[in-house]
Amino acid sequence: MAISIMSVSVACAQQDVSENAVSAREICNAGKDLLKEKKIDAAIGRFTEAIALYPTDSAYANLGWAYIRKGDDKNALFALNKAIDLNAGYAWALGLRGYLYTKIDAPELAFNDLSTAIALNTKGGAVPAGQSKKETIRDYTRAIDRNPQSDSAYVRRARAYEYYRKNKQAIRDYAKAITLNPDNADAFYGLQNLSGKFGDSGKEAVPAPDSIIADTTGQWAGKLFVTQGNTFSSVEELYELTVNDYTRVIGLYPDNAAAYRDRGYLYARLKKTGPAIADFSRAIELEPQSAGAWGGRGALYVGSNQPELAIADLNRAIELNPDATQYYYNRALAYYQKAAYEQVIADFTTVISKDPQHALAYRQRGNLYIYMNQPALAIVDLTKAIETGPRDAENYAVRGLAYAVNKDYKAAVSDLTNAIRLNPENATTYANRAMAYTHQKNYQAAIKDYTKAIQLDPQDAKAYRQRGELYRQTGKKQLATADFRKAATTERP
């Protein structure tokens with residue numbers, strides 16, 4: 001049973017109509033007005049007040065933006081981490097955090113955030129069909145002449161310039177749009193993307209235009225551009241490069257809990273359990289309310305067969321974020337290690353109630369029903385797993401086993417054949433189909449399947465023993481004796 005290690009960010013319910021939510025939204029809007037008046041500290045106070053009343057991704061993102069404009073990158077990063085934890089698809093927050101990562105030379109983190117932000121905000125439609133370059137630019141210029149305060153008009157012309165590879169003109173228009181509206185995410189990401197293209201071409205990376213520095217933050221230093229990341233030859237190498245970026249973030253901001261947590265995720269993917277647990281533990285020390293850190297450490301305790309520690313951590317993760325299905329899933333695996341099967345079923349049932357399309361939870365619960373000799377319940381669950389995951393060979397393989405336990409060998413053979421068609425390299429599936437064929441007295445087909453199972457797994461003593469028994473029953477005594485001897489010498493401890 002595979003653990004689920006990565007945290008799932010939960011989108012904040014922005015449409016909550018509770019009194020606190022309404023009041024917090026009003027306070028947040030007041031903070032935005034103060035930002036436009038360049039009253040940065042007052043805006044920070046209002047955003048902080050809104051968060052204390054009702055924390056939302058928007059309030060945290062605006063707080064991060066205010067801190068950027070103040071030049072307080074440490075608190076800006078903290079606030080933006082919070083915004084993204086609440087809503088992993090919040091493009092504006094991702095773009096701002098990506099900008100901060102460029103400032104501290106963390107290229108993989110910057111590239112990931114900015115690329116995601118750009119992708120989320122790509123709307124297209126910059127060039128009307130059938131128009132020439134000259135006509136297109138002329139029309140957008142006329143729109144600007146009609147309303148020179150329209151930031152969106154400048155963005156549209158910038159996109160047209162970008163389409164026609166006039167990047168310098170596009171940068172000027174994106175910059176002008178930001179001057180008119182510092183919160184225009186499309187302009188911000190367009191500028192980041194184009195600046196990155198200049199940097200990648202080997203030319204001097206384009207610095208933030210003076211108008212942006214003067215008219216928005218008044219504090220930005222250095223060059224504003226998205227790096228293209230380092231070259232890498234494997235996913236593992238990319239993880240290592242990204243670990244290095246998080247290490248740099250931690251070196252600059254040693255109390256940044258999110259950096260420890262996220263580096264812990266990467267260490268876990270790299271199978272570096274000790275460093276991962278250490279990072280999750282440090283994240284918990286810095287931020288005891290970090291459900292992701294509790295859940296990540298709990299998952300690693302499952303993986304290292306420490307169920308008591310796992311259950312304690314996952315209980316805390318669930319208290320902090322009761323909607324995250326992976327915590328219940330991993331706790332079910334921990335209970336399985338303790339043979340606490342009723343609790344296992346209860347947790348898988350919770351996962352299914354929260355995510356009715358969770359094929360793996362259906363399969364795991366069905367698998368346990370087989371073990372508990374309740375094949376009818378297993379078949380119901382595994383049928384649902386197949387409905388939600390029809391291309392997953394394991395779903396058919398496990399339901400085939402359930403049919404066999406239920407003595408429906410014809411259905412068992414059918415499912416196991418489907419599993420083999422989807423994954424012809426699984427020795428266990430061939431062995432299980434051989435068992436079903438044996439019950440149907442189709443001994444030649446069974447022998448053929450056991451032979452295939454042995455080819456795929458030459459150390460499977462049980463397959464040798466079962467095939468030997470079939471050889472004995474069909475009068476092939478020498479072959480039977482050879483298989484029994486092989487079984488004895490390959491018996492696993």
Side-chain angles (χ1 to χ4, degrees), residues 2-12 51 55 57 60 64 74-88 90 93-94 97 100-101 106 108-109 112-113 239-240 242-334 347 351 354:
I3 60 173
S4 175
I5 186 65
M6 293 303 290
S7 173
V8 174
S9 297
V10 180
C12 179
I51 288 166
D57 53 356
Y60 274 116
K74 175 182 175 180
N75 282 317
L77 189 57
F78 175 84
L80 293 167
N81 283 338
K82 287 287 192 180
I84 294 163
D85 283 348
L86 288 169
N87 182 359
Y90 196 170
L94 286 162
R97 190 174 69 176
L100 290 176
Y101 285 144
E108 301 305 331
L109 297 178
N112 182 62
D113 275 2
Y239 290 161
E240 292 284 8
T242 311
V243 163
N244 293 340
D245 278 3
Y246 278 122
T247 301
R248 184 170 180 81
V249 173
I250 289 167
L252 291 169
Y253 310 122
D255 57 351
N256 189 310
Y260 281 103
R261 179 201 63 201
D262 293 343
R263 190 175 68 175
Y265 292 142
L266 288 169
Y267 277 137
R269 288 193 169 198
L270 289 165
K271 303 187 185 307
K272 296 183 178 181
T273 301
I277 288 176
D279 270 3
F280 287 135
S281 298
R282 181 59 179 152
I284 290 166
E285 290 174 13
L286 292 168
E287 189 178 344
Q289 303 302 306
S290 175
W294 288 103
R297 191 173 71 176
L300 290 173
Y301 285 141
V302 174
S304 56
N305 200 27
Q306 300 181 71
E308 296 291 352
L309 293 175
I311 289 166
D313 274 7
L314 292 163
N315 284 344
R316 182 63 178 141
I318 289 167
E319 289 175 12
L320 293 166
N321 186 1
D323 293 325
T325 57
Q326 81 270 22
Y327 302 149
Y328 297 96
Y329 181 91
N330 287 335
R331 190 173 67 178
L333 302 185
D347 272 352
V351 173
K354 292 179 178 295

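Note: hydrogens, waters and symmetry copies are ignored here, and every other heavy atom, side chains too, is used.
For Leu309, the side chain to side chain contact (heavy atoms under 4.5 Å, CB included) partners at least two apart in sequence or on another chain are Tyr301, Gln306. Listed by chain and number, the residues in a side chain to side chain donor-acceptor pair (under 3.5 Å) with Gln289 amount to none (sequence neighbours excluded). A search for side chain to side chain donor-acceptor pair (under 3.5 Å) contacts involving Asn244 returns nothing, not counting sequence neighbours. Scored by the salt bridge (Lys or Arg N to Asp or Glu O under 4.0 Å) test, Arg248 finds no partners at all (sequence neighbours excluded). For Ala259, the side chain to side chain contact (heavy atoms under 4.5 Å, CB included) partners two or more places apart in sequence, or in a different chain, are Tyr246, Val249, Ile250, Asn256. Residues that satisfy the side chain to side chain donor-acceptor pair (under 3.5 Å) test with Lys354, not counting sequence neighbours, are absent from this structure. Remark: Ala334 engages Val302, Pro307, Ala310, Ile311 in a side chain to side chain contact (heavy atoms under 4.5 Å, CB included) (not counting sequence neighbours). Partners of Tyr253 according to the side chain to side chain donor-acceptor pair (under 3.5 Å) rule, which considers only residues two or more places apart in sequence or in another chain, do not exist here. With sequence neighbours excluded, the residues that form a side chain to side chain contact (heavy atoms under 4.5 Å, CB included) with Glu240 are Leu270, Lys272. Partners of Asp313 under the salt bridge (Lys or Arg N to Asp or Glu O under 4.0 Å) rule, at least two apart in sequence or in another chain, are Arg297.
Scanning all heavy atoms of the two residues, the minimum distance from Tyr60 to Pro55 falls at CE1-CB, 3.9 Å. Of all heavy-atom pairs between Ala257 and Ala283, the closest is O-CB, 3.5 Å. Smallest separation of non-hydrogen atoms from Ala268 and Ala276: N-CB, 3.7 Å. Heavy atoms only, all atoms of each residue included: Leu314 and Gly295 are closest at CD2-O, 3.9 Å. For the residue pair Asp113 and Leu94, the shortest heavy atom distance occurs at CB-O, 3.4 Å. Between Gly264 and Asp279, the shortest heavy-atom distance links the atoms N-OD2, 3.7 Å.
Applying the salt bridge (charged side-chain N to carboxylate O under 4.0 Å, His left out) test to residues at least two apart or on different chains, the pairs with a partner in residues 283-293 are Lys82-Glu287, Arg282-Glu285.
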Problem set entry | Pair Leu77-Tyr101, side chain to side chain contact (heavy atoms under 4.5 Å, CB included): steps then yes or no | CA-CA 9 Å; Leu77 189 57; Tyr101 285 144; 4.1 Å; yes
Exercise. Going through the distances and angles, do Leu320 and Trp294 end up as a side chain to side chain contact (heavy atoms under 4.5 Å, CB included)?
Worked result: CA-CA 9 Å; Leu320 293 166; Trp294 288 103; 3.6 Å; yes
Exercise. Yes or no on side chain to side chain contact (heavy atoms under 4.5 Å, CB included) for Arg261 and Asn81, after CA distance, side-chain angles and deciding distance?
Worked result: CA-CA 11 Å; Arg261 179 201 63 201; Asn81 283 338; 5.6 Å; no
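Side chain of Tyr328 to main chain of Pro322: a donor-acceptor pair is present (N/O by atom type, distance under 3.5 Å, no hydrogens or angles). Distance alone, capped at 3.5 Å, is enough to place a donor-acceptor pair between the Asp245 side chain and the Glu108 backbone.
We find the OH-CG distance between Tyr267 and Asp262 to be 13.0 Å, quoted to the nearest 0.5 Å. For the atom pair Thr273 OG1 and Phe280 CZ, the distance stands at 10.0 Å (nearest 0.5 Å). In this structure, CG on Leu300 lies 10.5 Å from NZ on Lys271, to the nearest 0.5 angstrom. One distance of note links CG of Leu80 with CG of Asp57; it measures 11.5 Å at 0.5 Å rounding. Interatomic distance, Leu252 CG to Thr247 OG1, rounded to the nearest 0.5 Å: 11.0 Å. Here the straight-line distance linking atom CD of Gln326 with atom CD1 of Ile318 works out to 9.5 Å at 0.5 Å rounding.
Within the 4.5 Å cutoff, the side chain of Asn321 has heavy atoms near those of the Tyr327 side chain.
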